[in-house]
Amino acid sequence: MREYCRDRVAEQQDTWRLTKQLPKNVIKLILQYVADISTLHTLTWVCRRWKELASHDQFWEPLLRRRRRAEQMRTQSYGMIPAINVKRQFKEWYLNWLRDTWSEKGQKRQEEFYRKEVRDNVFLHHTSHITAVRVYWKDGQSYILTGDEKGMVQMRDPGKRKEDQVLHILSEHEGAINAIEVSKNFIFTCADDSLCHVWTHDSLAFPKYTLAAHADAVTCVGFVKEKDTKIVTGSMDRNLFIWDLGKIQSVPTKGNYNSIKPATLKLAGHSMKITVIQCTDKKIFSASTDAQVRMWDWRGKLLGTLTGHSGPIHCMQLVNLHDRTGNSVECVVSACGGGMIRCWHSETGKILWGKVVASTPINCMDISNDIVVTGSSDGMLNVYNTATESNMALLKGHDSVVRNIALDASRQRLVSSSDDKTCCVWDLAEAAKLNEDSGIRSYCFPLYQLKGPKAAIILMTLQKNAEGKWQRVVAVGNDKTVHYWNMR
């Protein structure tokens with residue numbers, strides 16, 4: 001044992017000696033890959049040469065700019081990062097800035113600063129590609145949330161003038177926004193930084209909770225509409241975590257306003273990333289690119305694995321459908337990259353029906369009033385009636401991949417967006433009539449096309465009024481723009 005300890009000490013001394021003898025250019029190259037401030041500060045303890053190099057402002061300033069956006073750090077009391085003798089002045093400046101920012105006065109000043117920046121037309125447009133969009137209704141007003149690949153989320157009011165549309169900037173993430181979900185009490189944002197932030201509708205300056213348990217990018221979040229304090233997050237790390245926001249008190253920690261909530265349960269079983277999560281009062285359904293849907297209870301027990309798909313699953317919905325006898329059944333409907341849609345009973349997990357509707361991968365799906373519409377990579381939209389288990393129509397109007405679908409079955413209208421830079425509006429009643437008259441599965445063409453973005457439309461959703469009727473079509477282009485069309 002003594003000989004082993006002597007060998008270990010000698011090995012560490014050799015490594016230490018070799019580290020101190022590295023050329024300056026090599027040390028600088030190493031320091032360029034340091035990702036956080038604490039690690040950079042620790043490297044100053046190696047030796048005097050490392051301390052001198054690691055204290056240079058070229059390494060400190062980018063890390064600080066990355067951690068807190070430069071616009072956020074321009075407060076009235078403190079200027080930008082000191083340029084001379086960064087190590088000593090940086091610590092003093094940074095601690096004062098933290099102490100001031102997380103105080104009550106600091107938060108009010110930050111909010112006033114954001115509003116001034118918006119009035120000055122600084123944050124009116126995203127500076128990077130938009131990766132997520134969500135429309136929600138609150139207090140008789142409809143709002144639009146958009147998130148980009150730099151971690152910024154903007155809340156917009158499309159009813160206002162263009163200069164005043166952006167109401168809030170949520171910029172706590174340090175990675176691309178993958179999903180935005182809205183419940184009765186909270187707004188959930190998931191990003192590539194492996195975090196899920198939980199915001200309240202009344203306070204959007206800082207997140208109320210930070211959910212940190214995943215080892216990779218958080219891709220989706222699910223919750224029960226009536227009980228939004230219990231949520232489930234899915235990630236690229238192939239795991240799901242159950243969180244209970246109501247059990248643990250929110251206590252700000254020193255130097256950090258966010259409360260990091262510990263996960264209640266971990267659900268492991270998928271072999272690839274989680275793409276969609278749907279929840280009921282008793283069960284959790286998770287879909288993955290491993291072509292499986294897994295059924296869990298809220299205690300973390302695996303109840304069953306729903307198989308049969310031939311490709312990655314990117315679409316899944318939990319809906320009530322009518323069967324041939326007219327009975328309403330709660331079902332789980334999913335679509336995969338193999339062009340297949342499958343329907344299972346949500347209580348028993350029994351397969352009800354399966355149908356191959358496309359010859360190319362299905363990228364999007366929407367369901368309403370027993371009508372299932374899917375959009376595929378060949379530019380086609382397939383309309384399927386689940387009550388009669390028959391194909392209603394085949395919609396042809398796009399020249400490229402269909403990315404998004406929004407269905408309003410009450411008015412027999414459908415909107416689709418594609419990489420061909422257009423949104424198409426369809427009349428489902430006309431498509432069904434054409435199919436009945438011809439007796440075969442005929443092509444149906446759109447009523448009209450909406451053109452706006454100069455690049456592919458990657459995200460699209462509908463904005464509805466208080467009565468649930470169409471108000472606007474919201475489309476996000478790959479050119480970092482958001483477009484609205486008012487619907488008649």
Side-chain angles (χ1 to χ4, degrees), residues 220 222-226 275-287 291-297 303-311 313-358 362-376 380-395 402 404-416 426-429 431-433 435-436 441 461-462 464 468:
C220 52
F223 54 88
V224 182
K225 292 183 179 180
E226 295 77 14
T275 55
V276 191
I277 298 175
Q278 296 289 339
C279 303
T280 65
D281 290 336
K282 298 180 180 180
K283 296 179 181 179
I284 302 168
F285 298 90
S286 60
Q292 293 182 352
V293 176
R294 289 181 176 256
M295 184 168 55
W296 320 76
D297 63 13
L303 301 178
T305 302
L306 313 182
T307 60
H309 280 295
S310 56
I313 302 172
H314 294 287
C315 315
M316 180 177 67
Q317 290 191 26
L318 192 64
V319 293
N320 289 321
L321 299 176
H322 292 88
D323 56 17
R324 288 179 177 273
T325 59
N327 297 323
S328 178
V329 181
E330 188 178 46
C331 305
V332 179
V333 183
S334 59
C336 74
M340 176 184 291
I341 53 176
R342 294 178 72 83
C343 178
W344 291 275
H345 196 290
S346 63
E347 290 295 328
T348 62
K350 181 182 177 181
I351 182 69
L352 299 179
W353 51 264
K355 181 76 174 179
V356 177
V357 296
I362 295 175
N363 303 308
C364 50
M365 177 181 68
D366 199 5
I367 306 173
S368 181
N369 291 1
D370 298 329
I371 298 175
V372 180
V373 183
T374 60
S376 53
M380 307 297 291
L381 290 92
N382 294 271
V383 185
Y384 185 77
N385 191 321
T386 61
T388 60
E389 297 184 12
S390 61
N391 295 312
M392 285 181 58
L394 187 62
L395 311 181
V402 180
N404 301 275
I405 290 173
L407 176 62
D408 184 6
S410 61
R411 293 179 57 185
Q412 294 289 298
R413 288 289 188 272
L414 171 69
V415 180
S416 59
W426 313 80
D427 188 341
L428 294 182
K433 186 175 183 299
N435 192 38
E436 291 176 0
R441 199 179 182 195
T461 186
L462 293 181
K464 299 182 180 181

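None of the values given here were measured: they were computed from a predicted structure. Numbering starts at 1 and runs along the sequence shown.
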Checking the side chain of [X] only, and the main-chain atoms of [Y] only, is there a donor and an acceptor separated by less than 3.5 Å?
X      : Y      : answer
Thr275 : Ala287 : yes
Glu330 : Thr280 : no
Asp366 : Leu407 : yes
Lys283 : Glu347 : yes
Lys282 : Asp297 : no
Asp370 : His322 : yes

If you look at every heavy atom in [X] and [Y], which pair is closest and at what distance?
X      : Y      : answer
Ala335 : Ile341 : CB-CG2, 3.6 Å
Cys279 : Leu318 : O-CD2, 3.8 Å
Asn382 : Ala358 : ND2-CB, 4.1 Å
Gly311 : Ala291 : O-CB, 3.2 Å
Ser416 : Leu381 : CB-CD2, 3.6 Å

[Y] and [X], any side-chain heavy atoms less than 4.5 Å apart:
X      : Y      : result
Asn363 : Val402 : no
Ser346 : Phe285 : yes
Arg294 : Leu306 : no
Tyr384 : Thr374 : no
Leu395 : Val383 : yes
Leu321 : Cys343 : yes
Val276 : His314 : no

Quick check for you: to the nearest 0.5 Å, what is the distance between [X] atom [atom1] and [Y] atom [atom2]?
X      : Y      : atom1 : atom2 : value
Trp296 : Ile284 : CH2   : CD1   : 9.0 Å
Met295 : Gln278 : CE    : CD    : 14.5 Å
Arg342 : Ser310 : CZ    : OG    : 9.0 Å
Cys336 : Met365 : SG    : CE    : 10.5 Å
Ile405 : Cys364 : CD1   : SG    : 3.5 Å
Met316 : Ser286 : CE    : OG    : 6.5 Å

Centroid-to-centroid, His309 to Trp344, below 6.0 Å?
yes
